[in-house]
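Remarks on the structure that follows.
All values below come from the heavy atoms of this structure, side chains included, with hydrogens, waters and symmetry mates left out. All values derive from a computational prediction rather than experimental measurement.
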Amino acid sequence: MNHAIHYTIFPKNPAAHLYGVTLTVAEPDLGGQVFSLPAWIPGSYMIREFAKNIVQITATCGRKKVSLEKIDKHTWLAAPCDGPLTLEYEVYAWDLSVRTAHLDQLHGFFNGTSVFLRVQGQEEIEHVVDIQPPQGDEFAKWRVATAMTRLKAKRYGFGTYQAANYDELIDHPVEMGTFLLATFKAWGVQHDVVFTGKVPNLDIDRITADLQKICEAQIALFEPRTRRAPMDRYVFMTMVVSDGYGGLEHRASTALICSRGDLPVKGKHDMSEGYRTFLGLCSHEYFHTWNVKRIKPAAFAPYELSAESYTPLLWLFEGFTSYYDDLILVRSGVIDEATYLKLIAKTVNGVLRGSGRTKQSVAESSFDAWVKYYRQDENATNAVVSYYTKGSLVGLALDLMIRAETNGGKSLDDVMRALWQKYGRDFYDGGGRGVTEEEVDALFDSVTGLKLKRVLDRWVRGTEDLPLAKLLAPFGVTLTDERSRTRAALGMRTVRDGNDCKVGTIFEASAAQKAGLSVGDIIIAIDGLRVNGSNIDALLSRYRLGDRFAIHAFRRDELMTFDARMAVSDFPNVVITLDAKPANNSSLRSGWLKRK
């Protein structure tokens with residue numbers, strides 16, 4: 001313990017959004033100790049430069065101040081010191097997201113990647129953190145929520161916590177404040193549910209009951225015999241805002257943001273779309289407990305947090321997780337089969353509406369996440385495919401194919417369990433390692449007994465559309481495209497900007513693109529009739545296929561006129577339905593959609 005890396009963190013000035021951090025190294029490098037802060041956080045594949053939020057930093061050796069030289073954008077070198085070396089620094093925390101840190105008079109939240117400097121060369125020894133409360137009577141009721149192991153702290157209390165190494169330290173986010181707390185057990189493991197923010201009449205009992213079903217279904221998927229979860233305790237921590245959505249996975253917790261209107265109200269028992277979306281988000285991040293936190297691509301074992309880590313496998317780790325998040329909802333009984341098929345149809349329509357899918361494979365999208373998917377511009381729909389959404393459809397297609405060709409004997413579930421057993425189960429105990437693309441291909445073949453390399457080349461490393469209608473048919477499920485090829489459209493999406501109508505997306509080869517409109521144009525009139533943020537669809541609905549009309553718009557501060565002509569809308573309108581009386585496929589469908 002004496003040689004552990006010691007941190008103290010406290011809300012130094014909530015009104016100024018400043019955390020104070022003290023870091024003590026008992027035995028610093030005698031040649032000069034190097035410290036660094038990660039440039040990105042696992043699960044969010046974009047360089048974010050967290051070090052920019054360090055406001056000031058000093059170093060002392062005993063009582064003597066020592067020089068601290070910044071040698072690059074996120075790295076510092078302390079002068080040689082033969083005794084305990086202490087750094088004191090402030091971190092500005094005003095990003096209300098799941099990725100960084102936030103602090104005000106209402107609550108505090110942080111990820112370790114934003115606040116804990118790494119002691120280079122000593123990452124593998126024990127790390128101890130003293131989490132202290134803010135000063136003042138108004139903070140007397142604040143508590144702490146984290147999955148980090150308590151050392152000298154009461155349950156949900158301030159005090160000391162410990163992590164085996166730096167990687168574990170930064171994988172346990174912390175929420176503090178006067179949050180709402182509920183608990184449930186999934187196969188004997190405690191799960192805490194934390195909500196920060198005002199939510200009148202929140203039906204917390206319904207949430208915990210639904211989450212229990214979801215968590216138990218996922219544990220049983222990976223460990224059907226033992227029902228053993230890979231953690232001793234799990235924490236769902238949710239920041240509730242007026243309008244927001246997002247989540248980030250960790251090894252024993254998840255940080256979430258959701259809209260207040262998405263959460264269930266006491267006495268109302270309908271399944272709103274918002275609540276279903278929230279449960280899907282929880283399911284997604286919980287599935288990551290296995291798929292990406294323990295089963296990892298080789299490029300993430302270990303993480304290189306100072307620069308981009310490239311992998312072509314995010315279609316498996318994010319895409320397959322996106323496939324299972326809603327599938328688990330139907331298997332656990334939270335939603336019905338018809339609702340689930342509508343969710344698949346929505347995903348199919350979203351993928352088919354972007355021509356980027358014909359130019360970029362999901363493997364390429366995975367590799368380029370750092371510069372394309374996470375840095376999308378106005379042309380993204382025409383240039384990029386999502387490894388989340390198309391990746392989920394690849395998971396669906398492979399699951400259906402495997403089940404059909406083995407007559408229900410094997411499925412994607414078996415592949416996920418094999419990945420877990422071989423690469424994930426013992427990862428944090430030193431027995432696991434990252435998986436390569438070649439090993440994924442081989443595992444599909446060995447588990448299923450099928451030769452799937454050519455299929456993976458076409459669906460994962462190629463750009464062809466997936467034959468979902470054909471694959472769904474043996475399961476008594478019909479996919480039809482009900483698009484009307486006589487429907488007129490301009491082929492663009494607009495967004496409301498105050499009371500203005502702004503062009504948000506221009507689809508490739510659309511009538512809008514041919515007319516010369518661009519993303520960012522402010523449309524002010526159509527054929528002399530004023531356009532505002534809410535009436536453009538009604539105005540355009542009066543024009544038929546082939547009609548010509550003038551569009552007046554501002555580009556920057558210059559007024560322009562465009563000659564537009566209504567063209568055929570080729571947007572897909574996929575509908576997926578259950579056959580009323582499936583012939584010989586009831587067992588196939590049951591095995592796919594029902595919990596075993």
Side-chain angles (χ1 to χ4, degrees), residues 7-22 37-44 46-57 74 89-117 129-136 138-139 141-148 156 158 161 169-181 192-199 235-250 253-260 262-263 278 281-282 285 305 374:
Y7 299 85
T8 297
I9 184 167
F10 63 101
K12 184 175 183 179
N13 190 339
H17 321 302
L18 290 175
Y19 285 106
V21 184
T22 301
L37 200 65
W40 62 282
I41 184 169
S44 183
M46 180 177 176
I47 298 296
R48 298 189 183 276
E49 316 291 16
F50 299 125
K52 67 185 179 184
N53 292 315
I54 293 182
V55 177
Q56 58 182 352
I57 182 169
H74 49 223
Y89 55 98
E90 292 179 347
V91 179
Y92 181 68
W94 193 235
D95 179 15
L96 190 59
S97 77
V98 298
R99 299 177 297 268
T100 53
H102 189 262
L103 176 66
D104 61 16
Q105 299 93 322
L106 301 177
H107 91 122
F109 170 81
F110 62 81
N111 285 289
T113 45
S114 291
V115 297
F116 296 137
L117 284 165
V129 181
D130 183 7
I131 305 174
Q132 297 184 354
Q135 297 180 354
E138 66 269 34
F139 305 111
K141 294 183 178 181
W142 276 32
R143 295 186 291 177
V144 172
T146 181
M148 200 182 309
Y156 312 119
F158 291 91
Y161 293 76
L169 172 72
I170 62 173
D171 213 6
H172 291 301
V174 173
E175 172 70 27
M176 61 179 78
T178 55
F179 46 76
L180 175 65
L181 171 69
D192 293 338
V193 183
V194 171
F195 286 95
T196 298
K198 294 182 178 179
V199 193
V235 182
F236 291 94
M237 52 187 77
T238 304
M239 182 71 200
V240 184
V241 295
S242 61
D243 185 20
Y245 175 85
L248 192 64
E249 70 275 1
H250 299 277
S253 61
T254 180
L256 309 167
I257 286 183
C258 78
S259 298
R260 187 173 293 106
D262 291 345
L263 298 175
F278 172 73
L281 175 64
C282 293
E285 305 306 338
L305 294 175
Y374 268 84

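Across all their heavy atoms, His107 and Glu175 have their closest contact at ND1-OE2, 2.7 Å. Contact detail for Leu117 and Tyr89: the closest heavy-atom pair is N-OH, 3.2 Å. Here the closest heavy-atom approach between residue Pro134 and residue Phe139 is recorded as CG-CG, 3.4 Å. Pairing each heavy atom of Arg99 with each of Thr113, the nearest pair is O-OG1, 4.4 Å. Here the shortest heavy-atom pairing between Val240 and Leu263 reads CG2-CD1, 3.9 Å. Between Val194 and Leu181, the shortest heavy-atom contact is CG2-CD1, 3.7 Å.
Counting only distance, with no hydrogens or angles, the side chain of Glu249 and the backbone of Thr254 share no donor-acceptor pair below 3.5 Å. Although no hydrogens or angles enter the test, the distance criterion places no donor-acceptor pair under 3.5 Å between the side chain of Tyr245 and the main chain of Phe278. Of the possible donor and acceptor atoms, none in the side chain of Asp243 sits under 3.5 Å from a partner among the backbone N and O of Ser259. In this structure, His17 contributes its side chain and Ala93 its backbone to no donor-acceptor pair below 3.5 Å. Of the possible donor and acceptor atoms, none in the side chain of Tyr7 sits under 3.5 Å from a partner among the backbone N and O of Ile131. Panel note: side chain Ser253, backbone Phe236; no donor-acceptor pair is recorded below 3.5 Å.
The structure places CZ of Phe109 at 8.5 Å from OG of Ser114, a figure rounded to the nearest 0.5 Å. We find the CG-NE2 distance between Leu305 and His74 to be 9.5 Å, quoted to the nearest 0.5 Å. Here the straight-line distance linking atom CE of Met176 with atom CD1 of Ile9 works out to 6.5 Å at 0.5 Å rounding. One distance of note links NE2 of His172 with OH of Tyr161; it measures 12.0 Å at 0.5 Å rounding. Interatomic distance, OG1 of Thr100 versus CG of Leu248, reported as 10.5 Å (0.5 Å rounding). Atom CG of residue Asn13 and atom OH of residue Tyr19 lie 12.0 Å apart, to the nearest 0.5 angstrom.
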Exercise. Check step by step if side-chain contact (heavy atoms from CB on, under 4.5 Å) holds for Met148 and Leu169.
Key: CA-CA 8 Å; Met148 200 182 309; Leu169 172 72; 4.3 Å; yes
Practice problem: Could you give me the CA-CA distance, side-chain angles and deciding distance for Thr238 and Phe179, then say whether side-chain contact (heavy atoms from CB on, under 4.5 Å) is met? | Solution: CA-CA 9 Å; Thr238 304; Phe179 46 76; over 6 Å; no
Quiz item: Tyr156 and Asp192: side-chain hydrogen bond (donor to acceptor under 3.5 Å, both in side chains), yes or no, with the steps?
Solution: CA-CA 10 Å; Tyr156 312 119; Asp192 293 338; 3.1 Å; yes
Exercise. Show your reasoning for whether side-chain contact (heavy atoms from CB on, under 4.5 Å) applies to Phe50 and Val91.
Key: CA-CA 10 Å; Phe50 299 125; Val91 179; over 6 Å; no
Exercise. I would like to know whether Asn111 and His250 meet side-chain contact (heavy atoms from CB on, under 4.5 Å); could you show each step before the answer?
Key: CA-CA 10 Å; Asn111 285 289; His250 299 277; 3.4 Å; yes
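Side-chain contact between Glu90 and Lys12 is present, with at least one heavy-atom pair separated by less than 4.5 Å. Between Val174 and Val144, some side-chain heavy-atom pair lies under the 4.5 Å cut-off.
Residues Phe110 and Phe116 place their aromatic rings such that the two centres sit under 6.0 Å apart.
Within a 6.0 Å radius of CD in Gln135, other residues, nucleotides and ligands contribute 12 heavy atoms or fewer.
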